[in-house]
Amino acid sequence: MQSAFCAGEKPPASKSTDKEINTILKSDKIMAEKNNNQVKTISAVMIITLAGKLLGLLRDRLLAVNYGSGMYANAFLTASRIPRVFFDIVFASAISASFIPVFSEVFSRKGKKDAMIFAGNFVTVVGLLTFVLSMFGIIFAEPMVHLFADGYDAQTTALCAALTRIIFPTVFFTGIAYSFVGILQATDEFNIPAFISVISNLILIAYYILLNDRFGVYGLAVAFLAGWSLQAIVQIPALRKKGFRYKPSFSIRNSEMKKVLLMMLPVMVSTWVQPINLVINTRFASHLNGGSGVSAIEYSTNLYLIIIGVFILSVTNVIFPKLSRLEVSDDKEGFGSTLRTTMHGSLFFVIPMMAGVMSLSTELVDLIYGGGEFGEKDTEITSAALFFISLGMVGYALQNILSRVYFAKMNGITPLAAGVVSIVANIALCAFLVDDFGVAGLAIASAASSTVNAVVLMIPLERKKEGFLSAGFIADMLKVTLISCIMAAAVKFTASALAMIFTGMVKKFIVLFVPAFIGVILFFALAAVLRLPEARIVGDMAKKVIKRGKN
């Protein structure tokens with residue numbers, strides 16, 4: 001029987017084939033829309049976070065210009081650090097790592113009403129515990145100052161203890177604020193939580209400009225407390241929109257709170273790395289340069305965390321609730337895909353960021369902090385600390401993302417082990433390096449500690465084949481490292497050349513921003529030549545922005 005179709009012609013697709021094709025196209029469209037929405041969410045959070053961090057830089061500059069690295073600066077920096085460390089050690093982990101997975105589980109299995117009841121109970125428990133901790137801090141302020149900075153003289157210690165008593169109630173306000181953050185992030189509201197640091201920084205900046213000359217460092221401590229208290233208040237309207245109505249209840253015996261409490265201890269220890277390492281470094285630094293080593297470590301660490309934190313914390317804040325939901329739904333393929341994509345994209349940006357900061361560490365510190373009471377010697381010490389602590393950026397990124405992977409799986413034991421190993425490594429390296437390298441040695445120890453933490457977290461995942469490493473991934477990261485080195489060399493050469501041409505305040509801006517701009521352009525050009533996927537994505541976004549601008 002002769003075929004009804006001539007040679008070279010294809011028979012019409014069957015209805016079932018058409019249906020399958022439409023289903024695939026629809027699925028691809030939905031996936032693309034989800035990815036696009038996720039990119040938009042991360043971008044919005046990053047922009048808001050960047051605004052907060054830039055205001056934080058201005059806040060730190062005003063502190064440096066007004067107080068330099070002398071007694072008042074050292075006392076205030078230590079006094080503001082103590083309650084933050086205590087909060088991070090005791091409660092931050094419970095909110096960021098324990099609450100969100102359990103809330104997601106309750107929401108998925110029991111519904112919104114029960115999830116909000118659990119959230120109210122959690123807020124009450126955290127509020128009461130942080131209030132007790134605040135009272136403890138006020139009563140034992142002076143012993144804690146000796147613990148954190150035993151190298152201070154009697155006058156600095158007394159001032160630091162007085163400021164600590166004023167500032168320590170921030171633990172209570174922070175506990176409430178972070179509980180609200182957990183509720184909002186678990187319900188996919190990320191912009192308001194990212195905005196809260198803007199509020200506190202604006203309060204401090206306003207104080208420096210308007211009231212510092214009149215009330216001095218004691219008024220600064222009060223302004224610090226006021227700024228942190230407002231972080232909770234500004235979230236209330238968004239919580240109401242999400243359907244949260246606070247009803248006081250205190251129960252630690254229900255199944256949800258038991259799950260949080262069981263997970264809390266190992267998670268707490270695992271998240272102690274950053275605050276405890278800061279305590280260790282501050283203690284060693286208080287013996288360096290007449291105590292000004294504390295300011296150098298604080299300023300460099302703050303700048304380091306602002307630069308890396310804008311990106312990584314924006315990513316983890318958005319990805320963590322998603323990983324928690326994927327784990328609850330047992331979507332292993334989606335979980336693994338999300339991890340691999342997040343890691344590849346994050347390191348694509350973090351590696352050149354690290355190279356760029358190291359190549360412009362002096363210029364960056366000089367622009368942000370230089371002037372007034374912050375002299376050339378302060379710039380030299382702080383920029384050296386920033387250079388070496390930046391070596392830990394990759395480790396910091398891996399550590400933050402991988403810890404969320406374990407927390408989403410409600411596994412706090414592995415991050416606990418990684419945290420303990422990291423802290424021990426930091427103590428050993430500080431003791432070994434401080435005599436020969438001073439503040440720079442403490443920065444190297446901090447960077448190495450982050451890297452050790454990341455490696456310990458990676459090993460179990462890779463053994464179980466649940467990690468992100470592959471031949472293609474490693475090849476891409478080697479490409480990124482190569483072009484980052486080329487970029488850093490070009491940036492350093494350009495900065496040195498421009499420094500010989502310009503002078504004054506203009507020089508500070510030009511030797512930082514012009515080389516940085518050239519470095520960004522060069523990096524993405526080389527990334528496009530090597531066909532790295534993120535370069536294409538950034539290129540497509542840039543084309544859309546240019547097209548919109550023309551229209």
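Worth knowing before you read on, the calculation uses all heavy atoms, side chains too, and leaves out hydrogens, waters and symmetry mates.
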Working note: Phe76 + Phe224, criterion side chain to side chain contact (heavy atoms under 4.5 Å, CB included); need CA distance, chi angles, decisive distance, verdict. CA-CA 10 Å; Phe76 176 78; Phe224 187 92; 4.0 Å; yes

For side chain to side chain contact (heavy atoms under 4.5 Å, CB included), just list the numbers for Thr130 and Thr174, CA-CA rounded to whole Å, side-chain angles, deciding distance to a tenth of an Å, and then say yes or no. CA-CA 8 Å; Thr130 51; Thr174 305; over 6 Å; no

Would you check, one step at a time, whether the test salt bridge (Lys or Arg N to Asp or Glu O under 4.0 Å) holds for Glu298 with Arg81? CA-CA 9 Å; Glu298 284 282 346; Arg81 171 66 60 190; 3.0 Å; yes

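Taking the six-membered ring where the residue is Trp, Phe513 and Phe509 present parallel rings, their angle staying beneath 30° rather than reaching 60°.
For residues 124-143, the pairs satisfying ring-ring contact (aromatic ring centres under 6.0 Å, His included) are Phe136-Phe140, with sequence neighbours left out. Within the structure, salt bridge (Lys or Arg N to Asp or Glu O under 4.0 Å) pairs that include any residue of residues 300-311 do not occur (at least two apart or interchain).
Ser390 places a side-chain heavy atom less than 4.5 Å from the side chain of Met393. The shortest distance between side-chain heavy atoms of Met71 and Gln155 falls below 4.5 Å. In this structure, the side chains of Ile308 and Val350 come closer than 4.5 Å at one or more pairs of heavy atoms. The shortest side-chain heavy-atom distance between Gln235 and Phe195 does not fall under the 4.5 Å cut-off. Using a 4.5 Å heavy-atom threshold, the side chains of Leu398 and Leu457 count as separate. A 4.5 Å side-chain heavy-atom check between Phe99 and Ile183 finds at least one atom pair inside the cut-off. When side chains are defined from C-beta on, Thr342 counts as touching Ile401, because their heavy atoms get closer than 4.5 Å. A 4.5 Å side-chain heavy-atom check between Phe103 and Thr187 finds at least one atom pair inside the cut-off.
Annotation for Ser134 and Val171: closest pair OG-CB, 3.6 Å, computed over non-hydrogen atoms. Between Ser179 and Val123, the shortest heavy-atom distance links the atoms CB-CG2, 3.8 Å.
Note: Lys242 NZ to Leu239 CG = 10.0 Å, rounded to the nearest 0.5 Å. For the atom pair Glu380 CD and Asp366 CG, the distance stands at 12.0 Å (nearest 0.5 Å). To the nearest 0.5 angstrom, Leu305 atom CG is 9.0 Å from Ser300 atom OG. Between the CZ atom in Phe168 and the OG1 atom in Thr170 there is a gap of 7.5 Å [rounded to 0.5 Å]. Rounded to the nearest 0.5 angstrom, Ile82 CD1 and Thr164 OG1 are separated by 4.0 Å.
For Tyr304, the OH atom is densely surrounded, since the number of other residues' heavy atoms within 6.0 Å is greater than 12.
For the residue pair Tyr246/Thr124, the side-chain donor-acceptor check at 3.5 Å is satisfied.
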Could you tabulate the donor-acceptor pairs under 3.5 Å formed by side-chain atoms of residues 212-222, not counting sequence neighbours?
from: Asn212; atom 1: OD1; to: Tyr67; atom 2: OH; distance (Å): 2.6
from: Asn212; atom 1: ND2; to: Asn66; atom 2: OD1; distance (Å): 3.4

